[in-house]
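Since the structure comes first, as C-alpha cells, the remarks are kept for the end.
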There are 2 protein chains.
Amino acid sequence: MSTTEFLRERGIQPSQQRIRIYEALAATTAHPSADTLHRELQPEIPTLSRTTVYGTLELFVAKGIAQRLALTGSELRFDANTSAHVHFRCRSCGAVSDLPGISAPLPPPAPAGYRVESAQFYAEGLCPRCLSL
Amino acid sequence: MSTTEFLRERGIQPSQQRIRIYEALAATTAHPSADTLHRELQPEIPTLSRTTVYGTLELFVAKGIAQRLALTGSELRFDANTSAHVHFRCRSCGAVSDLPGISAPLPPPAPAGYRVESAQFYAEGLCPRCLSL
DNA sequence: ATTCTTGCAAATCATTTGCACTTTA
DNA sequence: TAAAGTGCAAATGATTTGCAAGAAT
C-alpha cells in the first residue's frame, strides 16, 4: 500500500510534507526527535519548517500511527512502530533502540477505578557498541 | 534512622538543604518536579535556589536514592521510592501516581551484548477522579 | 586553608504559539 | 471560496552553566 493511501485510510490528509515525514519515520528504528527528522528532510524539502514537523508528529500520535517516547525529559522521540516492544536507551551514547529478542511485558491489568489507555516499558544501560569500548 | 544518618551512609554530605529536599521528596507520592519541590520548600528556606534543588535531585539519582521519571518530555519528575513499581500518568489532570495493587513486571532479561542497568514501566490513561467526572 | 556547597543571573534548548500565506477540496 | 495545511518569528518553560560568595572539614 502506498503511504498516500495509508494516511488517507487513517483520516490524515496526505500532503507532501506528511507523506515524507511519515516515510522518514517509518524507515528508521533510531527513534528520531522532531528536530532530527527536520534536519534529515531539509535537503529534500528546503522550505519544510520545524513547526510542521512538530505538528505532523503530534497528529500521527493522535491518529494512532506513531508512538511518542519521553525518555530523557529534554526531548521527545517518535516511533512508527506502535506494537508492544521494549525501548532501550544507552547511557553512554544516548542512542535509543528496540531491545531485540524480547517480547514486552504485557500492560498490567488496570486496578479498579482506573482506565489504562497505553503502557510502555523502558530500559536503560549500555548498548553492545559502548559496552565493547 | 534520621535523614542525616541516611544521607551520610550513602556518601552524601547532609546539608540543611539536602536534608529538607530529601524529606520533602520522601514524604510525598505525588512524584514532584524540581520546580514543584522548590516552590514547596521556599517558605521554609527562603534563600533556597532552583539550582540547588536541580543539582541535589541529580545527586540523589546518581547515589541511587531517587528515581528520575521522564514522562511528558517537558519536565522531569522525581520519586524517592526506588523499588520496582508501575507509574501512572492521568491524561486529563496530569497527576502522576503509583498504580496500586500491581507488582511491576520484572525487567526483561538483557539480550546478549547489552547491559541493562535500570528499567521502568509506565502506563497512561484516566485516574479514578477524572474517570468519575 | 582548601574543598565542597550554594545561589544568582544569564544562557540554552526543545517545543509552542500567533498570525499571515498558501494550497487543497 | 471556504477550509485545511504550512511557515516564519517570537514567546515559553524547564533545565543548565559560569562564576562568585558562603559553609564545612
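Note on naming: letters A, B, ... go to the chains in the order of the sequence lines (proteins, then strands), and numbering restarts at 1 for each one. No experiment lies behind these values; they were computed from the predicted model shown. The figures that follow rest on heavy atoms only: side chains count, while hydrogens, waters and symmetry mates do not.
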Would you tabulate the nitrogen or oxygen pairs shorter than 3.5 Å linking the protein to nucleotides 4-8 of chain C?
unit_1: C:dT5; atom_1: OP1; unit_2: B:Arg18; atom_2: NH1; d: 2.8
unit_1: C:dT5; atom_1: O5'; unit_2: B:Arg18; atom_2: NH2; d: 3.4
unit_1: C:dT6; atom_1: OP1; unit_2: B:Ser15; atom_2: OG; d: 2.3
unit_1: C:dT6; atom_1: OP1; unit_2: B:Gln17; atom_2: OE1; d: 3.4
unit_1: C:dT6; atom_1: OP2; unit_2: B:Arg18; atom_2: NE; d: 3.4
unit_1: C:dT6; atom_1: O3'; unit_2: B:Gln17; atom_2: NE2; d: 3.1
unit_1: C:dG7; atom_1: OP1; unit_2: B:Thr47; atom_2: O; d: 3.1
unit_1: C:dG7; atom_1: OP1; unit_2: B:Thr47; atom_2: OG1; d: 3.2
unit_1: C:dG7; atom_1: OP2; unit_2: B:Ser49; atom_2: N; d: 3.3
unit_1: C:dG7; atom_1: OP2; unit_2: B:Thr52; atom_2: OG1; d: 2.8
unit_1: C:dG7; atom_1: O5'; unit_2: B:Thr47; atom_2: O; d: 3.4
unit_1: C:dC8; atom_1: N4; unit_2: B:Thr51; atom_2: OG1; d: 3.0

Margin query: Quick check on the hydrophobic clustering: are B:Leu37 and B:Tyr54 connected, directly or via other members, by side-chain heavy-atom contacts under 4.5 Å?
Written below: no
Check: Does B:Thr56 use its side chain to pair, donor to acceptor, with the backbone of B:Thr52 at less than 3.5 Å?
Finding: yes
Check: Where along residues 27-39 of chain A does a heavy atom come under 4.0 Å from DNA chain C, residue by residue in number order?
Finding: none
Item checked: Other residues, nucleotides, ligands: >12 heavy atoms within 6.0 Å of A:Arg129 CZ -> no
Check: When the nearest nucleotide of DNA chain D is assigned to B:Arg8 and to B:Tyr54 on a heavy-atom basis, which residue is associated with the more 5' position?
Finding: B:Tyr54
Note to self: Has B:Thr28 got a side-chain atom pairing as donor or acceptor with B:Leu25's backbone, closer than 3.5 angstrom?
What the structure shows: no
Check: Any Lys/Arg nitrogen of A:Glu23 or A:Arg20 sitting under 4.0 Å from an Asp/Glu carboxylate oxygen of the other?
Finding: yes
Margin query: Enumerate the ring pair (Phe, Tyr, Trp, His ring centres under 6.0 Å) contacts for residues 9-34 of chain B, please, sequence neighbours excluded, ordered by first and then second residue.
Written below: B:Phe6-B:Tyr22, B:Tyr22-B:Phe60, B:His31-B:His87
Note to self: What is the first contacted nucleotide of DNA chain D and what is the last, in 5' to 3' order, if contact means an atom lying under 4.0 angstrom from a heavy atom of chain B?
What the structure shows: D:dA14 to D:dT25
Margin query: So, using ring-ring contact (aromatic ring centres under 6.0 Å, His included) as the criterion, who are the partners of A:Tyr114 when residues are at least two apart?
Written below: B:Phe88
Notebook entry, point to check: Taking the side chain from B:Arg77 and the backbone from B:Ala30, do they hold a donor-acceptor pair closer than 3.5 Å?
Noted result: yes
Notebook entry, point to check: Quick one: does A:Arg18's side chain have a donor or acceptor within less than 3.5 Å of a partner on A:Gln13's backbone?
Noted result: yes
Next item on the list: Please check if the side chain of B:Gln67 supplies one atom and the backbone of B:Asn81 the other of a donor-acceptor pair under 3.5 Å.
Entry: yes
Notebook entry, point to check: Rounded to the nearest 0.5 Å, what separation is found between the OG1 atom of A:Thr29 and the CG atom of A:Asp79?
Noted result: 8.5 Å
Check: Any sub-3.5 Å donor-acceptor pair from B:Gln120's side-chain atoms to B:Arg68's backbone N or O?
Finding: yes
Item checked: Nucleic acid contacts of residues 60-81 of chain A, taken as heavy-atom distances under 4.0 Å to DNA chain C -> A:Ser74, A:Glu75, A:Leu76
